[in-house]
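Basis for what follows: all heavy atoms, side chains included, without hydrogens, waters or symmetry-related copies. Keep in mind it's a predicted model, so treat the numbers as computed, not measured. Order of the sequence lines sets the chain letters (A, B, ...), proteins ahead of strands, with each chain counted from 1.
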Protein chains: 2
Amino acid sequence: MTAAPPPAPAGLLEAFDAYETALMADDLTALDRLFAPGPDTLRGDAHGLLVGHDQISAFRSGRGGAPRRRIVETHVQTIDEDHALVVAITELATGGRGQQTQLWARLPGPDGGTDGGTDGGTGEGGWKVTAAHVAAPAPALDTRIWRVVGAPLVPSPAASGPLAGETIAVKDLYAVAGHPIGAGNPAWLAQAAREPAHAYAVQRLLEAGAQIRGIARTDEFAYSLAGTNAHYGTPPNPRAPHRISGGSTSGSASAVALGDASIGLGTDTGGSIRVPAAYQGLYGIRTTHGAVPATGLLPLAPAYDAVGWLTRDAERLRAVGEVLLPDQPRSDATPLVVVPELMELADPDVAAAIARWRRDHALDVREERWPLSGLGDWLTAFQTHQAWQAWQRHGDWLAGRLDTLGDDVRGRFERAASITADEADAARTTAQAAGARIRELVGDRVLMLPSASSVAPVAQAGADGLQRVRDATMRLTCLAGLGGLPAVSIPLETEDHLPAGVCLLAGPGRDRDLLDLAVGRHF
Amino acid sequence: MTAAPPPAPAGLLEAFDAYETALMADDLTALDRLFAPGPDTLRGDAHGLLVGHDQISAFRSGRGGAPRRRIVETHVQTIDEDHALVVAITELATGGRGQQTQLWARLPGPDGGTDGGTDGGTGEGGWKVTAAHVAAPAPALDTRIWRVVGAPLVPSPAASGPLAGETIAVKDLYAVAGHPIGAGNPAWLAQAAREPAHAYAVQRLLEAGAQIRGIARTDEFAYSLAGTNAHYGTPPNPRAPHRISGGSTSGSASAVALGDASIGLGTDTGGSIRVPAAYQGLYGIRTTHGAVPATGLLPLAPAYDAVGWLTRDAERLRAVGEVLLPDQPRSDATPLVVVPELMELADPDVAAAIARWRRDHALDVREERWPLSGLGDWLTAFQTHQAWQAWQRHGDWLAGRLDTLGDDVRGRFERAASITADEADAARTTAQAAGARIRELVGDRVLMLPSASSVAPVAQAGADGLQRVRDATMRLTCLAGLGGLPAVSIPLETEDHLPAGVCLLAGPGRDRDLLDLAVGRHF
């Protein structure tokens, strides 16, 4: 027999019980009082770590109460009469068990002493939680990331192949045989029929030995760069907790960042691969417009929609290209060019990360001034023509159903609906001229520019904040869209250890050169 | 500005680093040394809480190393010079972030003093972890429980209905249109075609407003009561961590116990609903043989296979019955009878739980002695005829593929293959006579007996241990199988707070009476 552990310090178990009672009653005042004040108090769960009493308090007041639970097992490790660790096993009313680990400290009261218990709400002293780690059973699937997941959802028909062992998160715009296309909108999903055949890209990946892991969330009709789907929530950004995922290839990106899939299949019309790649620290490619057939893909704006994918490493990014891309003439000639005016569109932390990366790799980059005074007009033309095409494709269905859309996407479609054919014609003309000009400026070089203007905005940025970020980022991302150009995003890290991306953009048909470049440089 | 937190105590961060190094090297000796000795040391993760240095050490030596990771954020809460809490955010090599919370204590060395650091492996003193709470990103789906999951996988075609809002975990023996049947065996799954239509039970549940959450794991061809699928692992038992789930309706049961589905659709040939219900603290019903059509269900032994389901409460168990069961004459006459010889087949803790339940509910139960000297022969006949039927159904496909089965199920099919037609005839004759005798003994009463002979065995019980449990439990469960009788399992709890089950068994066609009884008694 071993000696019995020391008893719990006086008042601790009463404080623990008071905490549990307050939690179940969602008594925010009592909970605030039972957590230690100050910037060092910690609370962590599967969504990330909150640091400081204020963050924790704000989280609590925003969540509408904790899940119902009961304590089924309690272990106390007494450190001294003023400190103890309490480990409790919880059983949730909805099923399953969790664990809660709390470090408790008895803090002195206003008179410099300590009172015996939970301080009765009268002062600052008493038993307080200084750190809490809360674990609850994971849901069967994270519906922010996935609509359907399988092990696998669709097996490969090939016994072997260059992509054997790879798993794909398919953006919910591509046809997967036997499943409807959901397009990120529940009303669309409800009326969608099961697809009779796989989309071209899906079929090719399966034939190359990859398996489909699941169908991943997208922003509604891919008409956003944020990932903040109003119906299914924002997929988590594991490299930058509490920040948005980026979109519209949002679920695929999160799935790859979490290691739940090795390939995130998506689309990029105006940045929908490059932005989540940058926000989540992934490699991504938007292919030359038309290089990979869009068969079986629900379009947003066919003049600009391009197949793309995301991975955690450059080799895998290229391996997918070997399967999906057509034969292309290869060229080793890849003079790098950077345009200061474009670099200046990025936030300082992102620009600094790119500058550091250039230095670290001792890249031979030529700086050029480009005549970009029309960039604002180009972006407007791109957005106008994209909107016109989107309404042409989806207006009939959406006309009576705009209220099924989240605010941001609805706003875009409402503006799209108001564009006249003359305006669209003018926009197309400007956009086509801009595209030609961009292809001419890029020539046979590789343009280096920020993948997005900023790191991932915090989830609480609000609609106006996200719209500003979108506008700033699209000034960069619209170049590949307008030119129909391939673009690879390579992950960087800012001084604050947040993900960012540098984009390599080349002439049409040079997808494979970009993929080689990403691999060869070991960026 | 607030004051800086106190610095970490001397030697703590070195010990923390040493721990991380040892973890990444899977240096078990160093890890054992860095965890405090004795029975009070704690380590918890999503699989449950381990208590005591020995349990933790055994876990580590069995897992083959920890996932690759790096520390991206560290917070130290210093309690005194010998105690500190370290909260670290980890980033896994496969993606995603986790949290590790550790309470460290500097223990005195053999000389009664403390050394400064990690004790260099020379003694007992130094910095040790006394409690660790480890969280890692949850996988996209728990492949022990599910083959495919959706949100939903299949929506209800009904706008409303008696089961609106309910979600079903479908045992992977039932046809779900568009998906193959997997039967718990990867080789079978690989050659299975997509089903053109839903199974009868699935279709009826959908029409009643329920959604299909996913397709859940089963023991191979439903030929086990353990849930220990050799290919996909044993689904967790949330009410009894580190114990088996019970089977063969294993995944459906775990899904319901975890709250990931509200209805677990399964089958019961010789206990495959009642055993997981008892092991996991759920309500379950095995219906009268033939009462619910088996259309679209992959059979094991059609003479005994019965549709069944599991829920977390009696009301929901009955609500499903209202949808799936045919009209049946109702009777309030439910004299309860208990047979001591059957009660004695249960372990003392299970028998005690049932006795306590009888007392608590002041049940008016008549004790009877039944002529059960032939019970052993009845069980043998049941198992022989069941095996014969199973081989008739699956022998052609399995003949050259027995090596695709896990050991336990393969052993059963190998014995099944050796049964002669004469042996099968004799077994059927005995089984039919036994069934008639059981129906006669039950008459218009309700027999109360243990749902399983024991609580859920620990996962490490081994093949021999599980076989003994199976044999003991089947002496109880075969009665309903032989008689083609409905049986409801009601959850109880042993003195040790482990789930157990009491079974109510009635004459054929009295499913609804049993469901009413379960609800009415508020068991």
Do the non-hydrogen side-chain atoms of [X] and [Y] ever get within less than 4.5 Å of each other?
X        : Y        : answer
B/Trp146 : B/Asp260 : yes
A/Pro67  : A/Thr90  : no
A/His242 : A/Leu50  : yes
A/Pro499 : A/Tyr279 : no
A/Val86  : A/Val129 : no
A/Asp82  : A/Pro9   : no

Report the C-alpha distance between B/Arg213 and A/Leu141 in whole Å, list the side-chain angles of each, state the deciding distance to 0.1 Å, and finish with yes or no for side-chain contact (heavy atoms from CB on, under 4.5 Å). CA-CA 10 Å; B/Arg213 182 69 158 151; A/Leu141 82 172; 3.5 Å; yes
Side chain, backbone, both or neither of [X] within contact of chain B (heavy atoms, under 4.5 Å):
X        : value
A/Ile145 : neither
A/Pro236 : neither
A/Asn237 : neither
A/Leu42  : both
A/Val72  : neither
A/Thr130 : both
A/Val87  : side chain

Are side-chain N/O atoms of A/Ser254 and A/Gln280 paired as donor and acceptor at under 3.5 Å? yes
Any side-chain donor paired with an acceptor under 3.5 Å for B/His75 and B/Glu73? yes
Could you have a look at [options] and say which one has the most heavy-atom pairs with chain A under 4.5 angstrom?
options                                : value
B/Ala255, B/Gly150, B/Gly281, B/Gly98  : B/Gly150
B/Ser262, B/Ala131, B/Pro152, B/Pro155 : B/Ala131
B/Pro137, B/Ala257, B/Ala261           : B/Ala257
B/His497, B/Gln99, B/Arg239            : B/Gln99

Is a donor on one side and an acceptor on the other found under 3.5 Å between the side chain of B/Asn229 and the backbone of B/Thr218? yes
If you count heavy-atom pairs under 4.5 Å with chain B, which of [options] comes out on top?
options                      : answer
A/Val154, A/Thr94, A/Asp142  : A/Thr94
A/Arg312, A/Arg147, A/His83  : A/Arg312
A/Leu49, A/Ile89, A/Leu85    : A/Leu49
A/Ala105, A/Ala140, A/Pro238 : A/Ala140

Is it the backbone or the side chain of [X] that comes under 4.5 Å from a heavy atom of chain A, or both, or neither?
X        : result
B/Thr41  : backbone
B/Ile215 : neither
B/Leu153 : side chain
B/Ala93  : backbone
B/Thr143 : side chain

Shortest non-hydrogen contact from [X] to [Y]?
X        : Y        : value
B/Val256 : B/Ile263 : CG2-C, 3.6 Å
B/Ala197 : B/Ala175 : O-CB, 3.4 Å
A/Thr74  : A/Ile71  : OG1-CG2, 3.3 Å

Ring-plane angle category for A/Trp127 and A/Trp104, please: parallel below 30°, perpendicular beyond 60°, tilted otherwise. perpendicular
Please assess B/Ile79 against A/Leu103 for the test side-chain contact (heavy atoms from CB on, under 4.5 Å), listing each intermediate value before the final yes or no. CA-CA 10 Å; B/Ile79 299 160; A/Leu103 182 62; 3.9 Å; yes
Taking 4.5 Å as the heavy-atom cut-off, does anything in residues 176-193 of chain A contact chain B, and if so which residues? A/Ala177, A/Gly178, A/His179
A/Glu91 and salt bridge (charged side-chain N to carboxylate O under 4.0 Å, His left out): which single residue from A/Arg68, A/Arg69, A/Arg97 fits? A/Arg97
